[in-house]
4 protein chains.
Amino acid sequence: MSRTAGSHGPATLAAIRKAGLRLIYEHGYEALTLRRLAADVGILSGSLYNHIKTKQDLLFTLVRNHMTDLLANLDQALAGLDDPVAALAAFVRLHVTYHMERRYEVYIANSELRSLEPENRATIVAMRERYERQLIEILDHGVAAGRFRVADTRVGAFAIIAMLTGICTWYRPDGPLGPEEIVRIHTDLVMQGLAG
Amino acid sequence: MSRTAGSHGPATLAAIRKAGLRLIYEHGYEALTLRRLAADVGILSGSLYNHIKTKQDLLFTLVRNHMTDLLANLDQALAGLDDPVAALAAFVRLHVTYHMERRYEVYIANSELRSLEPENRATIVAMRERYERQLIEILDHGVAAGRFRVADTRVGAFAIIAMLTGICTWYRPDGPLGPEEIVRIHTDLVMQGLAG
Amino acid sequence: MSRTAGSHGPATLAAIRKAGLRLIYEHGYEALTLRRLAADVGILSGSLYNHIKTKQDLLFTLVRNHMTDLLANLDQALAGLDDPVAALAAFVRLHVTYHMERRYEVYIANSELRSLEPENRATIVAMRERYERQLIEILDHGVAAGRFRVADTRVGAFAIIAMLTGICTWYRPDGPLGPEEIVRIHTDLVMQGLAG
Amino acid sequence: MSRTAGSHGPATLAAIRKAGLRLIYEHGYEALTLRRLAADVGILSGSLYNHIKTKQDLLFTLVRNHMTDLLANLDQALAGLDDPVAALAAFVRLHVTYHMERRYEVYIANSELRSLEPENRATIVAMRERYERQLIEILDHGVAAGRFRVADTRVGAFAIIAMLTGICTWYRPDGPLGPEEIVRIHTDLVMQGLAG
DNA sequence: GATGAATGAGATTTCATTCAT
DNA sequence: CATGAATGAAATCTCATTCAT
């Protein structure tokens with residue numbers, strides 16, 4: 001059951017995705033060579049094609065799976081929350097937590113959009129817009145209810161997402177701040193920033 | 001009276017930099033081909049080497065020039081401002097304005113750090129840290145003076161910079177919001193977010 | 001049953017080495033293009049890299065293999081020969097025979113030394129000096145025994161080697177003189193030239 | 001009248017030839033770049049074309065001038081010498097001396113034959129054959145007169161020339177042996193080698 | 001007679017991908 | 001399902017050479 005002599009079956013695909021994730025995060029999609037990826041998995045580059053369709057397809061699959069997860073998690077986190085303040089807090093918590101735990105996926109989904117072929121990019125952009133729209137709606141509700149004050153909820157949503165997404169460029173699991181502290185700091189910044 | 005469609009001398013270098021900036025912004029450094037760059041400038045790819053040393057050197061020069069300008073502008077913008085609130089406002093205004101006016105440079109300086117060779121990257125990272133440090137110091141002063149409240153000024157500075165930098169991913173000069181509005185929205189978010 | 005005109009596996013490497021040898025002999029290392037080499041082998045130039053590391057490595061391998069063979073043959077030819085006259089005769093016979101049979105390798109090992117990168121060159125020069133030293137020692141023994149007369153054995157050895165090596169610039173297998181005659185002529189010249 | 005600001009007139013051509021000679025000797029014709037040559041002379045590569053026609057023409061001129069000189073010197077050295085022994089001694093002295101004093105030219109004339117275009121090569125090969133023929137005739141006379149013994153005068157001549165030409169691969173003006181000693185050693189080797 | 005900039009060809013090398021074994 | 005070898009395209013960069021200034 002060891003991986004020494006190459007992985008078997010689905011295990012190899014999982015290994016490819018894991019290594020691909022890390023390598024794209026570290027060097028970028030264009031700079032990733034399939035030879036390098038294969039070497040990290042312990043096979044030759046030709047053998048990759050027993051598991052993936054193309055390099056582009058690997059990227060697309062990684063990003064789409066990530067976005068699917070993210071959206072599902074968001075739906076779950078917001079379920080039943082009518083209060084815009086509570087919803088915003090839940091959004092921030094989910095986003096921050098997610099971006100610390102899965103920073104490779106998150107980083108790639110943002111930075112490699114331009115490496116996706118048009119059709120694939122359109123799919124991902126649509127998913128991303130669904131995500132953004134949920135935050136915009138929370139802000140709209142909050143503003144309507146007099147709980148938030150922001151001149152343009154769309155710009156405000158972008159600003160919040162950009163701020164929170166920035167975490168994955170500096171966060172390290174072994175850094176000085178624990179996840180809860182990081183969640184708190186950012187929740188405070190967002191909540192006060194919008195305070196009516 | 002030039003001899004071909006392309007321009008002569010310094011004009012060619014300027015054209016190379018301008019086209020390079022746009023192409024790297026659009027496709028990324030790795031995906032940029034010198035053939036394409038040369039074609040956009042109106043010369044053959046080999047002729048690029050009368051003006052640049054290598055592709056890497058072009059990237060480095062673009063990013064370094066940008067960082068140099070940015071730091072100089074920041075120094076000027078903060079000169080004589082002792083009040084942390086005024087300093088923070090100046091910082092936000094400069095950063096936002098700069099990121100709207102020169103979003104290609106800004107985007108590249110952030111996204112192509114990993115495409116820089118180690119030595120070049122170290123140079124840029126050092127410049128970027130000088131920039132970040134100025135904001136951290138403003139926050140430190142503000143916290144010490146009881147004007148700002150933030151649990152960790154370093155994390156706060158990163159969050160602010162990330163938020164403001166996000167502008168260059170969606171801003172379009174012909175969009176619905178004018179520069180002054182965008183400055184105001186972000187200044188409000190930041191100021192309130194830190195309000196003591 | 002191969003799939004193209006080119007051969008498979010080890011046969012391709014052998015074909016590359018053989019064609020490389022001839023082409024370097026004919027045009028020189030710098031003037032050899034990998035496109036031409038690949039064409040002669042019946043593959044595309046990129047395919048060469050399934051078999052060789054770099055062009056430089058191909059040259060180095062060819063020269064090193066040759067020197068290794070030459071030294072091994074010399075050791076064998078001189079084994080058990082204590083008499084300096086017999087040893088010198090054996091040396092001349094080996095060298096002349098070798099330079100007729102493998103004149104491509106011999107010529108390249110001499111003419112392309114300067115095309116080797118410093119480290120590779122050092123390796124080959126060391127092997128070449130081991131070869132020369134054996135002749136110098138034969139001459140030293142012969143002079144000590146009063147069998148040879150030469151003012152400087154090092155210069156004498158160089159002169160002999162230069163003379164014998166010259167053969168590979170004019171020898172053709174289908175020329176008027178057979179190998180044995182050529183061996184005899186040169187043996188006479190050397191033996192008499194050193195006669196005490 | 002300094003060379004600092006670039007040479008004037010014929011001085012520049014002389015500088016080009018001198019630098020070209022050394023650079024071709026050191027790196028080979030194919031490996032010589034005109035940029036490097038121009039840099040050594042102190043001009044830009046485009047300016048070379050005010051003095052030479054092409055790179056190939058520079059090589060040809062260098063080699064032809066050398067061969068012309070060599071043949072003229074040989075004619076002079078052999079003038080009036082009817083005795084084959086005396087003639088051979090004169091040939092050896094001239095060749096050895098020449099190969100020590102002008103080893104760059106000599107080395108290039110031998111090693112870069114294959115870099116000459118067909119027509120140019122034919123010219124040089126013809127000159128070289130005139131040179132060889134003179135030695136062959138000396139040997140023929142000596143054999144006919146019973147003064148030399150060699151089975152094939154053509155092969156004997158090639159062997160002698162190869163031996164003597166080898167000097168320019170190891171000779172250094174500041175080496176342990178003076179010119180006269182080197183002449184003597186080689187004269188002895190040749191004379192005894194042919195002794196009847 | 002030197003310069004600076006262009007050309008156009010071509011060099012080595014790398015890459016994603018395919019496929020017979 | 002992995003391998004080894006091939007393809008074909010393309011990439012960066014260099015070179016000799018030309019020519020307006």
Side-chain angles (χ1 to χ4, degrees), chain A residues 5-9 12-13 30-38 41-56 58, chain B residues 1-13 30-38 42-56, chain C residues 1-13 30-38 42-56, chain D residues 5-9 12-13 30-38 41-56 58:
Chain A
S7 311
H8 295 308
T12 302
L13 177 55
E30 292 280 351
L32 163 69
T33 78
L34 292 189
R35 250 196 275 281
R36 171 69 196 276
L37 173 58
V41 173
I43 57 181
L44 291 181
S45 61
S47 308
L48 287 173
Y49 289 82
N50 289 318
H51 305 278
I52 66 173
K53 239 175 48 193
T54 63
K55 187 187 175 191
Q56 167 76 201
L58 172 62
Chain B
M1 298 304 150
S2 66
R3 115 178 142 176
T4 73
S7 323
H8 256 305
T12 303
L13 177 55
E30 293 279 351
L32 162 69
T33 78
L34 294 186
R35 246 199 275 280
R36 172 69 195 278
L37 173 58
I43 56 178
L44 291 178
S45 60
S47 306
L48 289 173
Y49 289 83
N50 288 319
H51 306 278
I52 65 173
K53 241 175 45 195
T54 62
K55 186 187 176 192
Q56 167 75 202
Chain C
M1 298 308 149
S2 66
R3 113 178 145 176
T4 74
S7 321
H8 255 307
T12 303
L13 176 55
E30 293 280 351
L32 162 69
T33 78
L34 294 187
R35 248 199 275 280
R36 171 69 195 276
L37 173 58
I43 57 180
L44 291 177
S45 59
S47 306
L48 289 172
Y49 288 81
N50 289 319
H51 305 279
I52 65 173
K53 243 175 43 196
T54 62
K55 187 187 175 191
Q56 167 76 201
Chain D
S7 311
H8 296 310
T12 303
L13 177 55
E30 292 280 352
L32 163 69
T33 77
L34 292 189
R35 251 196 273 281
R36 171 68 196 276
L37 173 59
V41 173
I43 56 180
L44 291 180
S45 61
S47 307
L48 288 173
Y49 289 83
N50 290 317
H51 305 279
I52 65 173
K53 238 175 50 195
T54 64
K55 187 187 176 193
Q56 167 75 203
L58 171 63

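These numbers come from the heavy atoms of this one structure, side chains and all, not from hydrogens, waters or symmetry mates. Residue numbering restarts at 1 for every chain, and letters A, B, ... go by the order of the sequence lines.
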Nucleotide of F:dC1, F:dA6, E:dA5 approaching A:Asn50 most closely (side-chain heavy atoms):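 The nucleotide sitting nearest to the side chain is F:dC1.
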
Proximity to the side chain of C:Leu34 - top-ranked nucleotide from F:dA5, F:dT12, E:dT12: E:dT12

From A:Thr12 atom OG1 to A:Ile52 atom CD1, the distance as rounded to the nearest 0.5 Å: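 Interatomic distance, A:Thr12 OG1 to A:Ile52 CD1, rounded to 0.5 Å: 12.0 Å.
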
From C:Leu32 atom CG to C:Lys55 atom NZ, the distance as rounded to the nearest 0.5 Å: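 If we round to the nearest 0.5 Å, C:Leu32:CG and C:Lys55:NZ are 5.0 Å apart.
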
Does a side-chain N or O of [X] approach OP1 or OP2 of [N] to a distance below 4.0 Å, or not?
X: B:His51; N: E:dG4; value: no
X: C:Ser47; N: F:dT7; value: yes
X: B:Thr54; N: F:dT12; value: no
X: A:Thr33; N: E:dT14; value: no

Without decimals, in angstroms, what is the distance between [X] [atom1] and [N] [atom2]?
X: B:Leu37; N: F:dT12; atom1: CG; atom2: P; result: 10 Å
X: C:Leu48; N: E:dT14; atom1: CG; atom2: C1'; result: 13 Å
X: B:Tyr49; N: F:dA16; atom1: OH; atom2: P; result: 17 Å
X: B:Glu30; N: F:dT12; atom1: CD; atom2: P; result: 9 Å
X: B:Arg35; N: E:dT7; atom1: CZ; atom2: C1'; result: 15 Å
X: C:Ile43; N: F:dG4; atom1: CD1; atom2: C1'; result: 13 Å
X: B:Ile52; N: E:dA6; atom1: CD1; atom2: P; result: 12 Å
X: C:Leu44; N: F:dA9; atom1: CG; atom2: P; result: 9 Å

Where C:Arg35 and C:Ser45 come nearest, the two heavy atoms and their spacing: CA-CB, 4.0 Å

Shortest non-hydrogen contact between D:Leu34 and D:Tyr49, atoms and distance: CD1-OH, 3.3 Å

For F:dT12, the Watson-Crick or wobble partner whose two distances fall under 3.5 Å: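 Because both required distances fall under 3.5 Å, F:dT12 counts as paired with E:dA11.
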
Pairing partner of F:dT17 (Watson-Crick or G-U wobble, both distances under 3.5 Å):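 Base partner found: E:dA6.
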
First of D:Gly46 and C:Lys53 reached from the 5' end of DNA chain E, by closest nucleotide: D:Gly46

4.5 Å side-chain heavy-atom contact, A:Leu58 and A:Leu37: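 Touching, per the 4.5 Å side-chain cut-off.
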
Along DNA chain F (nearest heavy atom to each residue), the more 5'-positioned of B:Leu32 and D:Lys55: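 Residue closer to the 5' terminus by nearest nucleotide: B:Leu32.
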
Touch class at under 4.0 angstrom, heavy-atom based, for B:Ser45 against every strand present: base

